[in-house]
Amino acid sequence: MTKTSTCIYHFLVLSWYTFLNYYISQEGKDKVKPKIFASGARWKYLTLLNLLKSRTAGFGIYQPGSFRQLLQTIFYGVTCLDDVLKRIKGRKDIKFLTAFRDLLFAILAFPVSTFVFLAFWILFLYNRDLIYPKVLDTVIPAWLNHAMHTFIFPITLVEVVLGPHSYPSKKTGLTLLAAANIAYIIRILWLYFETGTWVYPVFAKLSLVGLAAFFSLSHIFIASIYLLGEKLNHWKWGDMRQPRKKRK
């Protein structure tokens with residue numbers, strides 16, 4: 001794709017996530033919706049954290065579930081800004097912004113979106129009550145479910161093909177990813193102790209040992225996805241790891 005086409009594509013994707021953000025926030029104002037949305041319950045889900053990075057969509061509190069959606073909104077916002085400034089100022093003047101965009105994609109955008117797609121549909125096909133109870137069908141349209149759990153994956157793959165992303169060293173990348181995972185787990189546990197309700201039904205069926213195993217395996221899974229993203233980027237664009245600073 002040409003640079004202009006890439007800019008247009010990024011703008012369209014940003015507009016799509018912004019629309020989803022707005023749609024969900026307006027839907028949350030419907031007083032007819034069941035109590036499942038009380039206290040921002042919908043925003044507890046990881047699939048929605050990606051849309052709303054800067055606000056709580058009218059539900060009153062910030063929830064970890066909005067992480068993935070919030071993340072995509074911010075990533076494509078930064079990417080669009082990077083596209084525009086490159087055309088205005090040139091690459092050298094916005095190195096920091098480009099580096100931030102690449103780090104955001106490598107550490108969070110690609111691993112989280114891919115993890116959500118795979119984990120959601122694996123659990124859904126095995127037993128949907130573990131991740132997405134049937135009652136949600138009455139309040140969440142089918143197209144919105146696919147927008148949150150299906151379309152995110154091809155959109156992320158397109159981003160891999162559209163342009164190169166500089167990856168940090170494996171040690172740095174995996175450390176930052178682990179920090180993000182720990183922060184998310186702490187938020188999940190805090191919500192449980194605060195409300196007495198797990199953000200995903202599957203957690204309620206696990207013992208303490210089961211929870212520890214689940215979180216550990218999930219981290220290994222998402223770390224593997226991070227390494228896969230690095231491999232795909234290298235396969236398509238060559239070695240794009242960020243150069244190490246030489247010691248004086």
Side-chain angles (χ1 to χ4, degrees), residues 1-21 49-55 66-117 151-181 183-184 222-248:
M1 295 177 72
T2 64
K3 291 183 179 180
T4 300
S5 299
T6 300
C7 288
I8 294 173
Y9 170 78
H10 285 149
F11 176 76
L12 290 175
V13 175
L14 176 62
S15 299
W16 167 245
Y17 282 116
T18 302
F19 163 73
L20 290 179
N21 178 14
L49 178 60
N50 222 7
L51 263 183
L52 306 177
K53 199 113 187 174
S54 58
R55 57 197 179 107
S66 58
F67 175 73
R68 192 195 57 76
Q69 302 299 344
L70 173 157
L71 175 60
Q72 292 297 347
T73 303
I74 286 189
F75 171 70
Y76 282 101
V78 171
T79 300
C80 284
L81 182 61
D82 183 75
D83 289 340
V84 172
L85 291 181
K86 277 180 179 176
R87 297 177 69 86
I88 297 175
K89 292 188 173 183
R91 293 179 181 273
K92 292 183 179 180
D93 295 329
I94 59 166
K95 285 184 177 180
F96 173 79
L97 184 63
T98 302
F100 177 65
R101 179 207 67 180
D102 290 345
L103 189 66
L104 197 59
F105 179 79
I107 303 300
L108 292 174
F110 180 84
V112 171
S113 294
T114 306
F115 176 83
V116 166
F117 169 78
F151 302 152
I152 54 169
F153 183 59
I155 289 175
T156 300
L157 284 182
V158 169
E159 188 61 31
V160 173
V161 175
L162 276 184
H165 296 86
S166 295
Y167 272 68
S169 66
K170 280 187 173 62
K171 181 179 179 179
T172 299
L174 292 175
T175 299
L176 291 174
L177 182 63
N181 281 338
Y184 181 69
I222 200 170
S224 300
I225 292 172
Y226 168 83
L227 296 174
L228 172 63
E230 185 180 42
K231 289 290 184 182
L232 289 174
N233 189 74
H234 185 273
W235 168 74
K236 176 65 179 177
W237 303 103
D239 190 357
M240 294 297 298
R241 284 177 295 181
Q242 294 174 0
R244 296 180 180 178
K245 293 182 179 180
K246 295 182 180 180
R247 296 181 180 179
K248 294 182 179 180

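For the atom pair Lys86 NZ and Leu97 CG, the distance stands at 8.5 Å (nearest 0.5 Å). Remark: Thr156 OG1 to Leu232 CG distance equals 11.5 Å, nearest 0.5 Å. In this structure, Phe11 CZ and Thr6 OG1 are separated by 15.0 Å, a value rounded to the nearest 0.5 Å. Between the OG1 atom in Thr73 and the CG atom in Leu20 there is a gap of 8.0 Å [rounded to 0.5 Å].
Here the side chain of Trp237 pairs no donor or acceptor atom with the backbone of Ser166 at under 3.5 angstrom.
Qualifying side chain to side chain contact (heavy atoms under 4.5 Å, CB included) partners for Thr172, counting only residues two or more places apart in sequence or in other chains: Pro168, Ser169, Leu176. Applying the side chain to side chain contact (heavy atoms under 4.5 Å, CB included) test to Asn181 and every residue at least two apart in sequence or in another chain returns Leu177, His219, Ile222. A search for side chain to side chain contact (heavy atoms under 4.5 Å, CB included) contacts involving Val13 returns Tyr9, Tyr17, Tyr76, Ile155, not counting sequence neighbours. For Asp83, the salt bridge (charged side-chain N to carboxylate O under 4.0 Å, His left out) test picks out no residue, with sequence neighbours left out. Taking the side chain to side chain contact (heavy atoms under 4.5 Å, CB included) definition, one finds that Leu12 meets it with Ile8, sequence neighbours left out.
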- Query: Is there a side chain to side chain contact (heavy atoms under 4.5 Å, CB included) between Asp102 and Tyr167 once you walk through the steps?
  - Reply: CA-CA 7 Å; Asp102 290 345; Tyr167 272 68; over 6 Å; no
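Minimum heavy-atom separation, Gln72 to Ala109: NE2-O, 3.7 Å. Taking all atoms of both residues into account, the shortest heavy-atom contact from Ile152 to Ser113 is CD1-O, 3.3 Å. Minimum interatomic distance between Leu174 and Ala223 (heavy atoms only, all atoms of both residues): CD2-CB, 4.1 Å.
Inter-residue side-chain proximity for Leu104 and Leu71 is flagged as met; some heavy-atom pair is nearer than 4.5 Å. Between Arg101 and Leu81 there is no side-chain heavy-atom pair separated by less than 4.5 Å.
Between His165 and Phe105, the ring planes are parallel. Angles under 30° get that label, and only those over 60° would be called perpendicular.
Checked against a 6.0 Å centroid threshold, the rings of Phe110 and Phe75 do not count as neighbours.
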